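Below you'll find the structure, written out as structure tokens, and then a few comments.
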There are 2 protein chains.
Amino acid sequence: MKKPTRISLAKQITTEIESQIESGRWPVGSKIPPESHLAEQFGVSRNTMREALQSLTQSGVLASKPGDGTYVMTAGKFEANMYTRLEKAETKEIAEARLFLEKDLAILAAKNRNETDIEKIALALKKRNEKKATLEEEAKSDIEFHVEIAKAAHNSVMYELYRYMSNYIYELILEKMYQDLEKDSPDSEKLHQDLFLAIKKQDPIEAEKVASCINHF
Amino acid sequence: MKKPTRISLAKQITTEIESQIESGRWPVGSKIPPESHLAEQFGVSRNTMREALQSLTQSGVLASKPGDGTYVMTAGKFEANMYTRLEKAETKEIAEARLFLEKDLAILAAKNRNETDIEKIALALKKRNEKKATLEEEAKSDIEFHVEIAKAAHNSVMYELYRYMSNYIYELILEKMYQDLEKDSPDSEKLHQDLFLAIKKQDPIEAEKVASCINHF
DNA sequence: GAGTATTTGTACGAACAATTT
DNA sequence: AAAATTGTTCGTACAAATACT
């Protein structure tokens with residue numbers, strides 16, 4: 001999405017390490033060389049080396065034990081860290097994932113929502129329907145609405161997964177909006193209204209059905 | 001899950017900043033003081049301060065613009081970073097999220113799987129059904145099976161979301177297994193077999209139905 | 001429009017703590 | 001007890017982007 005003018009050393013090394021693992025040079029289960037050695041090999045400081053390794057640790061490719069070493073947990077390019085993956089991901093895949101998550105969240109929200117949730121969703125819906133000056137505002141209010149539903153689902157894990165994706169969705173929506181400026185399709189406003197009503201009625205089946213119809217792209 | 005002997009300064013400050021935002025001290029949309037000032041206020045180096053801010057940036061609570069400053073994007077404890085959230089999350093919530101994701105992935109896998117995927121899933125299923133010496137191995141082979149299905153879905157975003165959760169699921173499964181040692185319920189093996197067959201038949205509806213029945217906890 | 005100051009981003013080097021072998 | 005390895009923190013320097021005069 002964004003094209004950094006310069007790729008940091010840490011990211012370059014992360015990519016390099018990934019290929020090493022993919023190529024089988026460091027098999028799953030094996031211990032990789034200590035940070036100090038790697039830093040020397042790559043000609044960087046240990047700080048930079050650590051940063052490179054940490055992104056792989058966080059995504060579960062590597063696991064480190066203090067006083068022992070760092071081990072390879074999984075292999076394959078599929079295991080790139082989340083940030084990188086989402087950046088590289090196809091628009092189609094992000095849209096698909098969004099649809100699934102929003103469907104799930106709609107079901108949960110219909111089951112678990114309380115009165116406060118309903119008020120907040122209603123408010124977000126109202127804001128969404130107002131005319132906006134810029135496309136940025138429009139995209140933002142759309143996401144806000146869905147985020148409120150995500151909160152109403154009362155499942156912090158699902159919420160966090162959705163929230164994490166939203167950062168990327170935002171830019172995607174903008175890109176798309178700039179392409180075809182037809183804005184909201186005629187029934188988009190009605191669909192969002194219906195989704196709200198289904199959740200208010202506590203009707204998970206209806207909520208799922210409507211959520212499936214909201215095609216964002 | 002784990003209890004660090006000592007909490008790093010960065011994490012302490014992250015928590016502190018979160019409360020500042022929650023309390024409304026720094027409203028959404030406002031620009032927070034520059035890193036250098038904050039570092040001085042908290043009595044730490046800018047390095048440490050940056051680390052604290054970065055975890056909030058990554059989770060979308062803050063957003064930084066080079067040459068400008070750092071802005072508050074969202075408020076509320078819901079926005080804690082993913083790592084923290086998943087660690088604190090209730091077992092019930094993780095199980096629920098897992099069920100939803102596995103259902104979604106089953107549908108996608110049934111639609112998108114190719115022959116290679118089928119072979120890999122079959123292999124993973126075979127391994128899953130073998131008798132295991134330890135509970136760890138058993139839990140691992142169960143997750144492996146589902147991860148193969150996730151790969152067969154051919155959606156890197158959904159895959160990554162699932163993969164991210166798996167790290168935590170693993171420990172949870174173990175915990176649960178140690179509690180009630182009844183291992184696989186009688187029909188669990190059959191359900192997994194059915195899920196495999198549904199994906200092989202490319203029957204998304206059947207796959208969804210079966211996946212919904214697999215209750216891991 | 002140009003130049004300067006401010007602010008975030010990247011990278012290095014060093015030291016010590018904590019943990020495992 | 002000692003050595004090796006990861007974890008944390010500091011201080012510093014410069015690059016890159018933005019804001020301001």
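Note that the coordinates shown come from a computational prediction; the quantities given were computed from them, not determined experimentally. These values consider heavy atoms only, across backbone and side chains, with no hydrogens, waters or symmetry-generated copies. Letters A, B, ... are given to chains in the order of the sequence lines, protein chains preceding strands, and every chain is numbered from 1.
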| According to the salt bridge (charged side-chain N to carboxylate O under 4.0 Å, His left out) rule, which pairs have a member within residues 51-69 of chain B, sequence neighbours left out? | B/K31-B/D68

| request: For A/E93 and B/H154, run side-chain contact (heavy atoms from CB on, under 4.5 Å): C-alpha distance rounded to whole Å, both residues' side-chain angles, the deciding distance at 0.1 Å, then the answer. | output: CA-CA 9 Å; A/E93 290 188 340; B/H154 290 281; 5.7 Å; no

| message | Please check this pair: side chain of B/Q12 against backbone of B/I7, looking for a donor-acceptor N/O pair closer than 3.5 Å. | response | yes

| Is there a donor-acceptor pair under 3.5 Å between the side chain of A/T57 and the backbone N or O of A/L53? | yes

| said: Short of 4.0 Å, heavy atom to strand atom, which residues of residues 35-48 of chain A count as contacting DNA chain D? | reply: A/E35, A/R46, A/N47

Figure out the [atom1]/[atom2] separation between [X] and [N], and round it to whole Å.
X	N	atom1	atom2	answer
B/D68	C/dG9	CG	P	11 Å
B/I7	C/dA18	CD1	C1'	16 Å
A/E51	D/dT8	CD	C1'	15 Å

| Would you call B/K111-B/D117 a salt bridge at under 4.0 Å N-O? | no

| request: Measure from the side chain of A/L9, starting at C-beta and using heavy atoms only, and say which of D/dT6, C/dA11, C/dT21 lies closest. | output: C/dA11

| message | On DNA chain C, does the nearest nucleotide to A/A10 precede the nearest nucleotide to B/G67 from the 5' side, or the other way round? Give the residue. | response | B/G67

| task | Report, as yes or no, whether the 6.0 Å neighbourhood of atom CD on B/Q20 holds more than 12 heavy atoms from other residues, nucleotides or ligands. | result | yes

| So, is B/T70 close to the C/dT8 phosphate, meaning a side-chain N or O under 4.0 Å from OP1 or OP2? | yes

